[in-house]
Amino acid sequence: MADIWWKADPHDLHRLTDRVSSVYIERSHVDREDNAVLVINRRENVRIPAAMIAVVLLGPGTRVTHGAIRLLADSGTAVCWVGEQGVRLYAAGLGPSRSSGLLHRQAWLVTRPKERLNVARAMYAMRFPGEDVTKATMQQLRGKEGTRFKKLYQEHSRRNGVPWNGRVYKTGDAFAAGDDVNRLFSAANTALYGICHAVIVGLGASPGLGFVHTGSAISFILDVADLYKAEYTLPLAFDLAAQGLTEERDARVALRDRIADTKLLSRIVTDVKALLNPPGTDFDTPETSALWDEHVGTVAAGTNWSAQDTHPATRSHHDLSPAALGEQHIAIVGPEFEDQAPPPGQQP
């Protein structure tokens, strides 16, 4: 299968809504050339305008220069270090927006029971097309979802001739629990969580502020991943078990290929943005940083307010100089390249 990071059509380079949703890079060297990211591998060189990318996913075998990372950061492009084909998120950098507007919107929705319930209903509505769930309670929605999955388990079992004896899951080591189908389902779900995590971080939303799930640092990731399990990971687990492919890698690689073929990344981007900011709504997304004020909302950043004639509540008389880092600060700085000493035993 061809690497997916050069599959974007030229007319897509200004979308998301104005950027490519993601560029995946594997077994390549990533550098900077003017205002573009230059991707070099043994097959070809690809030049990608940095400002047209929302998320860069750096996969295995990738080397990236400081100049490339700086350009992506200046362009407001998220950088995520991931496993093969975007499966499993290991680390993430700056999001594609300099604004925290989407995060504020998410926090506003999740902290208001009425609005939170509406988002949760919208998530369930995506799983029950054609059904009216606008007045359903969370208890009713959970019951409908449980019934749906029981039917799906039985349908896929009959379709593949693979026995199904119930869901078994072991927290902390999901792949070790249950029969082959259970373990493959858990492994595929874990990979799907990585994909959803990368998209959520790239959009600037919070992985932890969930609407159906709560209490976990990945609650919103679990919410979003649940939208796609019935279509992706569950049938995949039964298909692989029927073929005798029962290793964790089998689930990960098969899901990777299916996600690439169906362009799921772009679909997740669209769904998350629609859930948090449905058509007809608007929220403030300032592009510059400000300081919060309990009386006037915000005041300008980058200003020494000790010299300003403001109302007493916002006037500060404290020493605003940086605190000394002292012995708690650790800096590791290598020598300049031309000053490097030769290895022991070698002549300069």
Side-chain angles (χ1 to χ4, degrees), residues 1-2 4 24 59-60 82-89 123-131 133 139-199 210 212-213 216 218-219 221-268 271:
M1 185 187 71
I4 67 174
Y24 174 80
V82 299
E84 276 190 280
Q85 294 282 358
V87 172
R88 293 188 178 177
L89 177 73
M123 289 181 169
Y124 280 107
M126 295 170 67
R127 304 175 224 187
F128 301 100
E131 295 189 34
V133 298
Q139 182 179 3
Q140 291 170 333
L141 293 170
R142 288 193 299 269
K144 285 177 65 68
E145 179 71 344
T147 300
R148 180 176 77 122
F149 259 84
K150 282 185 178 180
K151 292 180 179 179
L152 287 171
Y153 292 141
Q154 296 167 0
E155 290 174 5
H156 289 299
S157 177
R158 288 193 298 267
R159 178 175 63 87
N160 286 283
V162 176
W164 175 253
N165 299 311
R167 181 74 171 118
V168 179
Y169 177 83
K170 180 181 178 182
T171 304
D173 192 8
F175 190 70
D179 55 19
D180 288 340
V181 178
N182 267 285
R183 293 187 296 108
L184 287 166
F185 188 33
S186 295
N189 285 341
T190 299
L192 179 62
Y193 298 151
I195 291 289
C196 295
H197 196 163
V199 172
V212 176
H213 292 84
S216 167
I218 61 168
S219 291
I221 294 170
L222 301 177
D223 283 357
V224 174
D226 278 355
L227 301 176
Y228 314 106
K229 288 180 180 178
E231 182 179 350
Y232 281 85
T233 57
L234 182 59
L236 181 65
F238 279 94
D239 291 344
L240 292 174
Q243 299 170 36
L245 301 173
T246 59
E247 298 298 321
E248 179 186 13
R249 184 179 185 279
D250 295 328
R252 179 169 55 84
V253 172
L255 181 66
R256 173 198 70 188
D257 294 346
R258 190 167 296 186
I259 285 173
D261 291 341
T262 60
K263 303 184 184 300
L264 179 61
L265 277 171
S266 297
R267 180 178 165 189
I268 299 174
D271 289 344

Novice: Find the distance between CG (Leu234) and NZ (Lys229) and round it off to the nearest 0.5 Å.
Specialist: 10.0 Å
Novice: To the nearest 0.5 Å, tell me how far Arg252 CZ sits from Asp257 CG.
Specialist: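 Reported value, rounded in 0.5 Å steps: 10.5 Å.
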Novice: Would you say Val133 and Gln140 make side-chain contact, with heavy atoms under 4.5 Å?
Specialist: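 They are not in side-chain contact.
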Novice: Within this structure, what is the CG-CG distance for the pair Leu192 and Leu264, rounded to the nearest 0.5 Å?
Specialist: 7.0 Å
Novice: Run the side-chain contact (heavy atoms from CB on, under 4.5 Å) test on Ile268 and Val224 for me, step by step, so that the C-alpha distance in whole Å, both residues' side-chain angles and the decisive distance to 0.1 Å come before the verdict.
Specialist: CA-CA 8 Å; Ile268 299 174; Val224 174; 3.9 Å; yes
Novice: To the nearest 0.5 Å, what is the distance between CZ on Arg167 and NZ on Lys150?
Specialist: 14.5 Å
Novice: When you check the gap from the basic side-chain N to the acidic O, do Glu145 and Arg148 get nearer than 4.0 Å?
Specialist: yes
Novice: Provide the full list of ring pair (Phe, Tyr, Trp, His ring centres under 6.0 Å) pairs with a residue in residues 231-251, sequence neighbours left out, each pair given once.
Specialist: His156-Phe238, Trp164-Phe238
Novice: Determine the minimum heavy-atom distance between Ile221 and Tyr193, stating which atoms define it.
Specialist: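 Smallest interatomic distance, heavy atoms only, reads CG2-O, 3.5 Å.
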Novice: If you compare all heavy atoms of Glu247 against all heavy atoms of Leu184, which two are closest, and at what distance to 0.1 Å?
Specialist: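 Where Glu247 meets Leu184 most closely, the heavy atoms are O-CD2, 3.6 Å.
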Novice: Can you give me the closest heavy-atom contact between Val181 and Pro163, atom names plus distance?
Specialist: CG2-O, 4.5 Å
Novice: Testing the basics here: between Ala188 and Leu255, what is the closest heavy-atom pair and its distance to 0.1 Å?
Specialist: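 Closest pair (atom of Ala188, atom of Leu255, distance): O-CD2, 3.3 Å.
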Novice: So, for Ala242 and Asn160, which heavy atoms are closest and what is the spacing to 0.1 Å?
Specialist: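 So the minimum-distance heavy-atom pair works out to CB-OD1, 3.8 Å.
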Novice: Could you give the distance from CD1 (Ile259) to CD1 (Ile195), rounded to the nearest 0.5 Å?
Specialist: 4.5 Å
Novice: Phe128: what forms a ring-ring contact (aromatic ring centres under 6.0 Å, His included) with it, not counting sequence neighbours?
Specialist: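 For Phe128, no residue satisfies ring-ring contact (aromatic ring centres under 6.0 Å, His included) once neighbours in sequence are set aside.
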Novice: For Ser216, does its backbone N or O pair with a side-chain atom of Ser219 as donor and acceptor, under 3.5 Å?
Specialist: yes
Novice: Is the shortest side-chain heavy-atom distance between Asp226 and Arg127 below 4.5 Å?
Specialist: yes
Novice: Testing the basics here: between Ala251 and Leu240, what is the closest heavy-atom pair and its distance to 0.1 Å?
Specialist: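 For Ala251 versus Leu240, the nearest heavy atoms are CA-CD1, 3.6 Å.
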Novice: Within the 3.5 Å criterion, strictly below it, is a donor on Arg258 or Thr233 matched to an acceptor on the partner's side chain?
Specialist: no
Novice: Given 3.5 Å as the limit, does a donor-acceptor pair link the side chain of Asn182 with the main chain of Gly166, or not?
Specialist: yes
Novice: Please report the interatomic distance NE2(His197) to CD1(Ile218), rounded to the nearest 0.5 Å.
Specialist: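 It is 8.0 Å, given to the nearest 0.5 Å.
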